[in-house]
Protein chains: 2
Amino acid sequence: MVQYANAGLDASFAALSDATRRGVLEQLGRAEASITDLAEKFNMTLTGMKKHVGVLERAGLVITEKVGRVRTCKIGPRQLEEEMAWLERYRQLWDARFDELDKVVEELKRKELVDGRKQRE
Amino acid sequence: MVQYANAGLDASFAALSDATRRGVLEQLGRAEASITDLAEKFNMTLTGMKKHVGVLERAGLVITEKVGRVRTCKIGPRQLEEEMAWLERYRQLWDARFDELDKVVEELKRKELVDGRKQRE
DNA sequence: CGCATACTGAACCATATGGTTCAGTGTCTA
DNA sequence: TAGACACTGAACCATATGGTTCAGTATGCG
């Protein structure tokens, strides 16, 4: 029934809805980092940062690998194409919708003009 | 301190993280609708739909107007430009990052080659 | 070995989310 | 004026989120 459902989009948009997580993504876009690095940079406990990284990882936006004591986080492999595509499609709908509203407004104006003439006849 | 904060992005990405709300946006991109229309289409109580519309409205993605008994919902005025811009910037970071990783890999290969020669000398 | 480091998991807390029901209020319309 | 209709708000519920502390476990290093 609800064919519009899309768990991937749910997860990635939810992941992006937090400023810390967006910051982590930007950071990892510049260089890999450990949980400790990220926790310090974002002024948060290790446990707290671990949770954020978990959310990003579950959304496929980050991959991590533990070597020795250290878990290294990097971006990848999703480039948010699907999310871009959704926004792009919405933008098109939006444009079309506003064109249509413009037309409706014009049509109303035209009719008013005609009605005006009729009334003067 | 946390200059990366952005309540607008928080709200819109959070609004987009629910399939029903994405559906409502697409629907409103095609035509205006009342709360009742939307509730029926998405198989939900009026109260439930009202909440979703509230979230979209607070995020600036939908505007509503009540005339008589009926509250009419339409899209606007935000075209999600800021959100597109964020994703676009991330894509660029992502590209740059992967280019860099490629270079690192090449550099490693080159060094291995050199080391191999050295060892044979 | 022994200590410091780096993470991890459980438990807790306050608040938000996604949904419901129920009891209204206000607006058409016959 | 009576009933139907459209919405609204409060209250409730289960679960998730964003954070913490505390008590581990595993690893590296002198």
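Proteins get letters first, then strands, A, B, ... in listed order; numbering begins at 1 in each. These numbers were taken from a predicted model, which means no experiment stands behind them. What you see below is based on every heavy atom in this structure, not just the backbone, and it leaves out hydrogens, waters and symmetry mates.
- Residue side chain B:Lys50 does not reach the base of D:dG9 through any donor-acceptor N/O pair under 3.5 Å, judged by distance alone.
- In this structure, of C:dT20, D:dG18, D:dT21, it is D:dG18 that holds the atom nearest to the side chain of A:Lys51.
- Salt bridge absent: B:Asp37 and B:Lys41 never bring a charged side-chain N and a carboxylate O closer than 4.0 Å.
- Within 3.5 Å, a donor on the side chain of A:Thr47 pairs with an acceptor on the base of C:dG9, or the reverse.
- Between B:His52 and C:dT17 there is no side-chain N or O to OP1 or OP2 distance below 4.0 Å.
- Remark: of the listed residues B:Leu46, B:Thr64, B:Val70, B:Thr47, B:Leu46 is the sole one forming a side-chain contact (heavy atoms from CB on, under 4.5 Å) with B:Ile35.
- Closest contact between the side chain of B:Arg69 and the listed nucleotides D:dA6, D:dT8, D:dT20 involves D:dA6.
- Put simply, the side chain of A:Thr20 and the base of D:dG18 share no donor and acceptor less than 3.5 Å apart.
- Ion pairing of A:Asp18 with A:Arg22 is absent here, as no side-chain N (NZ or NE/NH1/NH2) approaches a carboxylate O to less than 4.0 Å.
- Both B:Arg58 and B:Met49 lie near DNA chain C, and the one whose nearest nucleotide falls closer to the 5' end is B:Arg58.
- An OP1 or OP2 oxygen of D:dA6 is reached within less than 4.0 angstrom by no side-chain nitrogen or oxygen of B:Arg71.
- In this model, the phosphate group of D:dT8 is approached by a side-chain N or O of B:Lys66 to a distance below 4.0 Å at OP1 or OP2.
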